[in-house]
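Keep in mind that this is a model prediction, so the values were computed, not measured.
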Amino acid sequence: MRFLTCIIIGLVCFTGCVPEEDVDKTSQNTTIDSTQTPANTEGNTITVFLSGNTLSQLKPCGCAAEQLGGFSRRQVIFDKADAKTRLLVDTGNFLIHKTLQDMVKLNTIISSLITLGYDVVNFDENDLSAVSNGYSIKEMPFKVIGPAKELKSVFRRNISTAAVTVASVSSQTIEDGSLDRGGLEKLFSNDTVSAADLTVVNILIIDDFNESIANFLAGSAVVDVAVCQYPTDYPSIIKTDHKKPLFVSVGKLGKYVGKLDLILSDKKGLELSYSKVAVDKKLRPSEQLDEIYEVYRQMVQAEELLGKVIRTPLPDGHKYAGSDKCKDCHEYEHKMWSKMPHGHAYQTLVESGDAYDPECIECHVVGLKYESGFENENSPKGLRNVGCEVCHGPRAKHIKNAMDNTENQKKSEPIAAFKCISCHTPEHSPGFQADEAGYRKKNLHNKEQKAK
């Protein structure tokens, strides 16, 4: 199966070293609960890196400098911790949908987790359903756990002087009473710990958080850290009235990695610290992971996903004409627009290698999801770029009536199918909402503005 191509690439060992200066220390904003974290502690430290809620986001699109994320930049973060005393955990929730493109992405996600050397990955029901077509859970090089009956729910490893257990349960089993506190304690029971004289550290992955779940877990006293899978903007400590367990979230879209430090000392026992580490462009990317992403691009092209986009008719019989058709009557505006970033948005995708990706193309051309709009590289050049009709609406009727000099010219002007925020989302354009007026000013190209 074509989806398995990346798995082979992912199994190649990563051996690159990363200099100290490649970590952006200013981006490692700390969100620490002062009641849970010591100011200064002597002892061994085990670092557990937490990620999850990928939601089909392989890397930032690159359209704005402030964007965070990307599997290839995680490696430098992980390498700052000793491989012997670190644990890499992903809580799952890989895909936002199950389109053909999402399934191609799934291959890239699994390959990336393998290449990064993840130790344990939690599969929820949706993840398990998605990977069941083309993958063997038993052949995964990392430990797969999850609340589904088909999966084991516990991962155990002795690291340094600690016996670390990572378990997974569904919040539903707590709320419907099928998992009681005795069952939870049994889940974490480990008969080999006392003989080895190790500090027990129990981490629970759960798909939700509310007060009843918090009370249930606090009442058992067996869980040290509860990792809540639901997506928050970034990894953070969830405030509760309970000192134990420490409730944390892992963020979403791979923009941050959660860094959980398990600090072990003879005097104070186990102490916990949790912080978020930004996955930003200052971190050196892994060449091997970039190669996996390049295979993803090739697969998108090979699957001809651009040609499989569903296109709907425009209302009232409207059609797109193309920006070049506007030039005769709006020469000045067309000339000014051509000098702006919107005027060569399509070329940026050609240069980046994303010109066959429908998720990228949609915001760089005219009317991808509508009949008479852009279809592929063979479409009229006037439909490339963020053209006139993206903002002003389809204009074929307007042009015909203008040429005929009819009274229906004004009546043929539709409302634009696209709004700025359709593409300038918080993920693709982080600064837009805070300065929409500034963005609009940069794109003014009419004569009245020039006169001012």
Side-chain angles (χ1 to χ4, degrees), residues 55-70 96-97 99 101-102 105 233 252-255 281 296-297 300 305-306 308-312 314-315 318 320-323 326 333-334 336-377 379-395 414-446:
L55 299 173
S56 303
Q57 180 81 0
L58 302 180
K59 64 181 296 186
C61 68
C63 292
E66 312 97 308
Q67 291 175 314
L68 302 175
I96 193 168
H97 300 298
T99 64
Q101 184 159 2
D102 281 309
K105 287 182 177 182
D233 285 338
K252 64 181 180 180
L253 305 176
K255 295 187 291 185
K281 66 176 184 178
Y296 162 75
R297 283 187 173 127
V300 167
L305 298 183
L306 196 56
K308 297 173 183 176
V309 172
I310 297 174
R311 294 175 170 82
T312 58
L314 288 163
H318 284 291
Y320 290 109
S323 299
C326 304
E333 289 84 351
H334 187 277
M336 295 300 293
W337 164 81
S338 300
K339 298 177 181 179
M340 295 176 176
H342 281 172
H344 49 86
Y346 178 78
Q347 184 60 30
T348 63
L349 297 184
V350 173
E351 294 172 358
S352 69
D354 296 304
Y356 298 96
D357 190 327
E359 292 184 352
C360 296
I361 281 288
E362 183 179 4
C363 287
H364 289 247
V365 298
V366 175
L368 177 67
K369 293 186 175 181
Y370 296 93
E371 292 180 1
S372 75
F374 180 93
E375 294 185 28
N376 53 47
E377 59 189 326
S379 295
K381 291 185 178 180
L383 296 175
R384 298 181 184 182
N385 306 311
V386 183
C388 308
E389 293 165 296
V390 171
C391 297
H392 299 289
R395 282 297 186 264
I415 298 174
F418 246 58
K419 303 295 183 184
C420 297
I421 196 61
S422 299
C423 290
H424 289 277
T425 64
E427 304 304 334
H428 294 163
S429 186
F432 180 81
Q433 289 181 315
D435 187 25
E436 183 174 350
Y439 273 73
R440 289 180 178 274
K441 188 175 181 180
K442 292 177 183 178
N443 287 285
L444 293 175
H445 49 273
N446 53 54

According to salt bridge (charged side-chain N to carboxylate O under 4.0 Å, His left out), does anything in residues 338-347 pair up with another residue at least two apart or in another chain? List the pairs. none
Taking side-chain contact (heavy atoms from CB on, under 4.5 Å) as the test, write out the residues that go with Ser338, two or more places apart. His334
Could you tell me which residues satisfy side-chain contact (heavy atoms from CB on, under 4.5 Å) with Ser56, sequence neighbours excluded, listed by chain and number? Leu95, Ile96, Asp102, Lys105
Between Trp337 (side chain only) and Ser323 (backbone N and O only), is there a donor and an acceptor less than 3.5 Å apart? no
List the steps, then state whether side-chain contact (heavy atoms from CB on, under 4.5 Å) holds for Leu305 with Glu359. CA-CA 10 Å; Leu305 298 183; Glu359 292 184 352; over 6 Å; no
Check against side-chain contact (heavy atoms from CB on, under 4.5 Å), Glu375 and Val309: CA-CA 8 Å; Glu375 294 185 28; Val309 172; over 6 Å; no
Is the side chain of Asn443 donor-acceptor paired with the backbone N or O of Tyr439 at a distance under 3.5 Å, no angle test? yes
Keeping the roles fixed (side chain from Glu389, backbone from Arg395), state whether a donor-acceptor pair exists under 3.5 Å. yes
Do the non-hydrogen side-chain atoms of Pro60 and Leu68 ever get within less than 4.5 Å of each other? no
Partner residues of Lys369 under the salt bridge (charged side-chain N to carboxylate O under 4.0 Å, His left out) criterion, sequence neighbours left out: Glu362
Between CZ on residue Phe432 and OG1 on residue Thr425, distance to nearest 0.5 Å: 10.5 Å
Atom NZ in Lys59, atom CG in Leu253: separation rounded to 0.5 Å? 15.0 Å
More than 12 foreign heavy atoms under 6.0 Å from NZ of Lys308: is that the case here? yes
Measure the NE2-SG distance between His342 and Cys391 for me, rounded to the nearest 0.5 Å. 6.5 Å
So, using salt bridge (charged side-chain N to carboxylate O under 4.0 Å, His left out) as the criterion, who are the partners of Glu436 when residues are at least two apart? Arg440
Rounded to the nearest 0.5 Å, what separation is found between the CG atom of Asp357 and the NE2 atom of His364? 10.0 Å
How would you list, by chain and number, every residue that makes a salt bridge (charged side-chain N to carboxylate O under 4.0 Å, His left out) with Asp354, sequence neighbours excluded? Arg297
Once side chain to side chain donor-acceptor pair (under 3.5 Å) is applied, do any residues pair with Ser429, and if so which ones, sequence neighbours excluded? His424
Determine which pairs satisfy salt bridge (charged side-chain N to carboxylate O under 4.0 Å, His left out) with at least one residue from residues 425-434, sequence neighbours left out, and list them in order. Lys255-Glu427
Would you say the SG of Cys363 sits under 2.5 Å from the SG of Cys63? no
Under the criterion side-chain contact (heavy atoms from CB on, under 4.5 Å), I'd like the reasoning laid out for Met340 against Lys442: C-alpha separation, chi angles, the key distance, then a yes or no. CA-CA 8 Å; Met340 295 176 176; Lys442 292 177 183 178; over 6 Å; no
For Tyr346, enumerate each residue passing the side-chain contact (heavy atoms from CB on, under 4.5 Å) test, keeping only those at least two apart in sequence or located in another chain. Val350, Ala355, Ile361, Val365, Phe374, Glu377, Arg384, Asn385
Between Ala345 and Val386, what is the shortest heavy-atom contact and its length? CB-CG2, 3.8 Å
Any donor and acceptor pair, going by atom type alone, linking the side chain of His445 with main-chain N or O of Met336 inside 3.5 Å? no
Set out, in order, the CA-CA distance, both residues' side-chain angles and the distance that settles side-chain contact (heavy atoms from CB on, under 4.5 Å) for Leu306 and Leu368, then state yes or no. CA-CA 9 Å; Leu306 196 56; Leu368 177 67; 4.0 Å; yes
Identify, with sequence neighbours excluded, every residue that meets side-chain contact (heavy atoms from CB on, under 4.5 Å) alongside Pro430. Ala64, Glu66, Gln67
